[in-house]
A.B. asks: 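Here's a structure for you.
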Amino acid sequence: MKWSGLIILVLAGGLLAYSAPDLPAYGDPESPASQHVSPRMIEKGYEETGAKNLVTAVLVDYRSFDTLFEAVVILVAGLGAALVLWPDHRRRDP
Amino acid sequence: MTTSNSLAWIIAVPFFAAAVLPMVRRLGKAWVLPTALIGSGAALIFALYAAAIVVGSGEPVRHELGGWEPPWGIELRMDHLSAVMTVLIASLSFLVLVFGRGGMEKRLEGRSHFYYSMYMLFTVGLFGMVLTHDLFNLYVFLEVSSLAGYSLIAVGERASPFAAFRYLILGTLGALLFLLGLGYLYAITGTLNFIDVAERLAPLGDSRAALVALALMLTGFGIKAALFPLHAWLPDSYAYASNLTVAFMAAVGTKVGAYGIFRVLFTIYETGNLQFHMPVVQIMGILAAIAILAGSILAMAQSDLKRMLAYSSVSQIGYVLLGFSMLNANGIMGGVLHIVNHAFMKCCLFLVVGAMMAQVGHRDIRRLSGMGRKMPWVMAAFSLAAISMIGLPPTAGFFSKWYLILGAVDAGSWIFVAVILVSSLLNAAYFFRVLERVYLKREDPAEAALETAVATTSATPVSGSSALAVQPEEALEVREEEAPRPWLGPGTLPATMLAPIGITAISLLALGLGSAWLVENVLRFIVPGGL
Amino acid sequence: MLHDILGWYNYWLIAVLILVGIYGMMAKRNLLKKLMGMNILQVSIILFFLTLSPKEEGSMPVFDAELASTAAGYANPLPQALMLTAIVVGVATTGLALALLVRVHRTFGTLEEDDIMEDLR
Amino acid sequence: MEWLLEMRPVWVLTVTLLATVAILASGRRPNVREAWTIIASIVQLILVASMIPDVVAGEVFEVRLLTLASGFDLVLRTDPLGMVFACVSSVLWVATGIYTIGYMRSLNEKHQTVFYASFALCIFAAVGLAFSGNPLTFFVFYEILTLATYPLVIHKRTEKAIKIGRMYLAYTLTAGLFLLLAVGWSHLIVPEGGPDFAPGGFLSTSFATPLTLTVLFVLFILGVAVKAGLMPVHAWLPAAMIAPTPVSALLHAVAVVKAGVFGVLRVVGYVFGYDTVSEIGMALPLAAVAAFTIIAASVVALTADNLKRRLAYSTVGQLSYVVLGAALLTTAATTGAVMHIANHAFMKITLFFCAGAIYAHLHVEKISDMKGIGRAMPVTMGAFAVGAFGLAGIPPLPGFVSKWWLASGAWQTGDWIFIVVLITSSLLNVLYFFPIIFNAFFRKSERFTVYNEAPVAMSGPILAVAVASIVLGLAPDIGPPFWTFANQVTVALNGGAG
């Protein structure tokens, strides 16, 4: 376990280090993420959705489906907790 | 309803059912299961409707959520692969629910509405995963289905919450690795829509970030699919969870992981530049080959029937991924066909285990003697599924094996050919071990004595030391309710338990003989254009 | 070389956090500590997404009449929105995990994995 | 209405499959159950027989039912070679059916329903094999045959039977895998679609290198050789003697082993073709293996005291006659091989019926215990003599005919060594059969003093197959026209070979 764990860590660390230089530098305005989808959201977000906070515009309009199921995740977790912790009838019977 | 928003309905209907179930419970216990069945059945109808359109027209059905066209908004898209997966999930979800009528739910006394609600949400997550065409949305649905899955597994035997927790840790690790991978893809392409990502990935060539993203996403889905060294969560979860859960999860749970791997490999990377990342695919192929052999060998060593089937799942998922790693038409079609076939086989097998535990209260392979006489019909279904697992014609399992062998020969990888052939012998070895018990060994008095001894020890609450000392309550409940006429074959089991078993078993033959239709009309369109 | 290292300092920090998280999930034998490792991993990945968001000249992504609609003027709102969802998912996962742990503790009286395995054997 | 007749191959299969279901369904009423066996076997015989004139006239019934996989249809086709196998199975099913009823009842065996159902399923698979029009269809029925015989092999349900069942499965399933690989690979090699069996074969050196073809040939032969009992992969066959005698009769004379040698003929003649086989130089090795098997099996048979075991090794040897005939690649040898499929079937089933009758009626299994048994069961032992002398190749019995043609075939190739093999084997045959007959009739023992023949349900079929064997030797065209079929096959296969 110790050794295999170490190997996995080294492997994971190596992969992350190996790929980092291919990623955009911090704060780079030319990065692909800033060039492709997001510009429209910034430029037209207020106009199209009427939300001044662009994060809100994305969250509840452009990608509202995500947000809906984010709520579903909460429902799942709540129901799950109820299901797991619900007292067992059999045990309480005398 | 228009064609395109039928996709949304597929997801929405079971979700509504899940949401109203806790309320419906107020009306009375009898309302719970019918509501779930209606939700599941309606989803099945929508799924069949959309799939029929996809197969009929040969074109994917699309739905832009919120009216935002991709890549700005989220797109639901049912192409041929999604159609296969959706119909598979919908039909098995419905069948297993029907099975739930037969005594399973009695163990959930007082919380069955939560259970079924969770079951529906699990289905919702799976539907979402196979329908969405957006990476982050896929992650969200992955988490919906995973969280629901953890909770479902936690409802079972004594150790099931522990198994569920271990699954949660590993499963979340998988989901997070996928999230990190998609973060990498987002960082280098700036978009999340599958097709858009694929287009923008193509000019990047042998980008290191793309390679790492591929590795991360494959590892993530590999955990969900229980690819060999990442399968640690699976045996315990399947062994301890309730049969209803396992029948459904084993059928489609891991398959959706394989679906994710397909999407990553062939929708996102293949059209772009998979050729630059061959090592990752090769490693996956080797792991899959090891999975096939290791899973079979481990399955042979088990005395717990459920655990044996769990390890066999590990082995079977290897077939699917091995097919994908061949990167040719036959291999990929074989892999996808095996997703479908194996889903039905495993569903059938686990349903049989469920029926068996309801009847005799245990699942120890060593004590199955004479079951062929006690439950002839159920055991006939078991035999059929076993034959299919071994891959003998004309059952479904043979045909996926056929395409996989063609694929392996096509790819010129003789080691994979050997692995597939040897593993079907191994499958035969462990399934005939069970079948011999079931049909050929007579019950001897010593065994019967052992049986009573174990039954008495497991009745005391503290013992539980053996993993096989299982829930005698389950058995007792059914027997109490039905008049006590044991061993009369189908008579002692309700029709709602027998029907799903029968349907899955017969569909194994139908899938076998209909596989050519499936291949020609559906699977051909799944193979990416370059292959 | 130095620039290579410094220009990507955010990734190095996150990589360390990721490794810490994975180490926690793998090596710790206490279930609660495993869960903590999982949380660290979650947070590190959320941080990873968030570091994709800012731009050197950009302000926060709230529409401002002065800046008007120039893409370069605002940080990228998309990863931030995604991470709001991811945070919620993380919280939900943690919640469910804690519920499971309560149940595990009730059943086995311990959260040490080794002891539980001993019990199951 | 015409299509009803055209679909006859399908109806034959349907009848046997329905029989299986009907037998399973009427397990509680033995008389009804046995009636199904008889009715189905007779209907099937009539259906097969009705196709004979058309096939003799050169017509081929071909039915494509559905697509199995990637260009392979489920093809049923009645060519002369297939008809030989189909006729053998159908005729002998009737005899075996009646005999089995007598045997099983007199021994009061258990699990009879499963037994009869598996039996019908075996015939279903055997006829399916006979009519298979392409390798994948062949493979499907081949595997069904494996599964259907498994319950028969383990019929006694003892530890030993189960162990042997495992061995049987290990052998046959492994063979199936080789065959599967071969079928798949050859499908990939041939450019268009799923290849059908055709005289002269569909594989040739224009598609693949000789090395590939050689490997494929070995795979194909390995696939069918296990069922054909070719040494060194024959071990399951004597072991499977644990099964009840009608099963041995079925395994050895009708279904399984014949499926194996039939497969060898299909592979050599219809997958590769004589030209290709001689081109890749695999004919001689195959003939050598067959020759070795013939001699070795006969020698082992000499040492066996258990009658069924001796017959089993005799089967191993006799089957290799067919393989040898296929491997010689000449006109006369082909005729001999095809004839021997039918001849051996009739003679061997006679012998097994006799062995079964002796065991079921007098409970004697060992050859050393059979002194003077001719006095008690003269009909049975008379039939036994017919079968035994026939196999040894004494004219005018059918064994002589096939051996004659095989020897001529060997003469045509100039490999005189094979003629020596054939003659040696005949001598060995005489050596291991003659003492049994001599002891039965010319020794006395106090055990067998009075006439005590087996019941008619057993002795009737015995007499019938013995007479059929004699007829087959004298006039091989009088029943099913085996001789005509053999000639048709010879013409078809050697058309281009010269």
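In the text below, chain A, chain B and the rest are named by the order of the sequence lines, each starting its count at 1.
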A.B. asks: Shortest non-hydrogen contact from A:Ala12 to C:Leu19?
C.D. replies: CB-CD2, 3.9 Å
A.B. asks: Can a donor-acceptor pair be found, under 3.5 Å and without considering hydrogens, that links the side chain of C:Tyr11 to the backbone of A:Pro24?
C.D. replies: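 Indeed, once roles are kept as given, a pair shorter than 3.5 Å links the two residues.
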A.B. asks: Heavy-atom distance under 4.5 Å to chain C: side chain of A:Tyr46, backbone, both or neither?
C.D. replies: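 Side chain only.
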A.B. asks: For C:Ala86, is it the side chain, the backbone, both, or neither that has a heavy atom closer than 4.5 Å to a heavy atom of chain A?
C.D. replies: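 When you check distances to chain A, no heavy atom of C:Ala86 falls under 4.5 Å.
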A.B. asks: How long is the gap from CD1 on A:Ile8 to OH on C:Tyr23, to the nearest 0.5 Å?
C.D. replies: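 Separation between the atoms: 13.0 Å.
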A.B. asks: Using a 4.5 angstrom heavy-atom cutoff, name the option from A:Ala81, A:Ala77, A:Ala20, A:Pro39 with the most pairs to chain C.
C.D. replies: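 Max contact count across the listed options: A:Ala20.
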A.B. asks: Any idea which of C:Ala92, C:Ser53, C:Gly58 has the most non-hydrogen atom pairs under 4.5 angstrom with chain A?
C.D. replies: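 Ranked by heavy-atom pairs under 4.5 Å with chain A, first place is C:Ala92.
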A.B. asks: Please classify the contact between C:Leu98 and chain A as side chain, backbone, both or neither, with a heavy-atom cut-off of under 4.5 Å.
C.D. replies: neither
A.B. asks: Would you mind telling me which of C:Ile22, C:Leu52, C:Val89 has the largest number of heavy-atom pairs within less than 4.5 Å of chain A?
C.D. replies: C:Val89
A.B. asks: Please report the shortest heavy-atom distance between C:Lys55 and A:Pro29, naming the atom on each side.
C.D. replies: CG-CA, 4.1 Å
A.B. asks: Which pairs count as ring pair (Phe, Tyr, Trp, His ring centres under 6.0 Å) when at least one residue sits in residues 64-121 of chain C, sequence neighbours excluded?
C.D. replies: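 Pairs touching residues 64-121 of chain C that pass the test: none.
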A.B. asks: Taking every non-hydrogen pair under 4.5 Å, which of A:Gln35, A:Glu43, A:Arg40 racks up the most with chain C?
C.D. replies: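 Sorted descending by pairs with chain C, the first entry is A:Glu43.
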A.B. asks: Below 4.5 Å from any heavy atom of chain C, which atoms of A:Ala82 appear? Answer side chain, backbone, both or neither.
C.D. replies: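 The answer is neither part of A:Ala82.
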A.B. asks: Over all heavy atoms of both residues, which pair between C:Asn76 and A:Ser38 is shortest? Give the atoms and the distance, please.
C.D. replies: OD1-CB, 3.0 Å
A.B. asks: By the salt bridge (charged side-chain N to carboxylate O under 4.0 Å, His left out) test, which pairs, at least two apart or in different chains, include something from residues 58-73 of chain A?
C.D. replies: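 Qualifying pairs: A:Arg63-A:Asp66, A:Arg63-B:Asp134.
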A.B. asks: Check each atom of A:Val76 against the heavy atoms of chain C and say whether the ones under 4.5 Å are side chain, backbone, both or neither.
C.D. replies: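 Nothing of A:Val76, per the 4.5 Å heavy-atom cut-off to chain C.
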A.B. asks: Could you pull out the closest heavy-atom pair between A:Val55 and C:Gln80, with the gap in Å?
C.D. replies: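 Minimum heavy-atom contact is CG2-OE1, 3.4 Å.
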A.B. asks: Would you say that A:Ile74 contacts C:Val88 through its side chain, given a criterion of any heavy-atom pair below 4.5 Å between the two side chains?
C.D. replies: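 Sidechains of C:Val88 and A:Ile74: in contact.
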A.B. asks: With heavy-atom distances below 4.5 Å as the criterion, would you say the side chains of C:Pro77 and A:Ile42 are in contact?
C.D. replies: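 When only atoms from C-beta onward are counted, A:Ile42 and C:Pro77 do touch, with a gap below 4.5 Å.
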A.B. asks: Provide the closest heavy-atom pair for C:Met26 versus A:Leu9 in the form atom of the first, atom of the second, distance.
C.D. replies: CE-CG, 4.2 Å
A.B. asks: Please name the pair of heavy atoms, one in A:Leu54 and one in C:Phe63, separated by the smallest distance, quoted to 0.1 Å.
C.D. replies: CG-N, 4.4 Å
A.B. asks: Report the option among A:Leu23, A:Thr56, A:Val60, A:Val37 that has the most heavy-atom pairs separated by less than 4.5 Å from atoms of chain C.
C.D. replies: A:Leu23
A.B. asks: Using a 6.0 Å cut-off, check whether atom CD of C:Glu118 has over 12 heavy atoms from anything other than its own residue.
C.D. replies: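 Check fails, neighbour count at 12 or below.
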A.B. asks: Flag the pair C:Leu82 / A:Val58 as yes when at least one side-chain heavy-atom distance between them is below 4.5 Å, and no otherwise.
C.D. replies: no
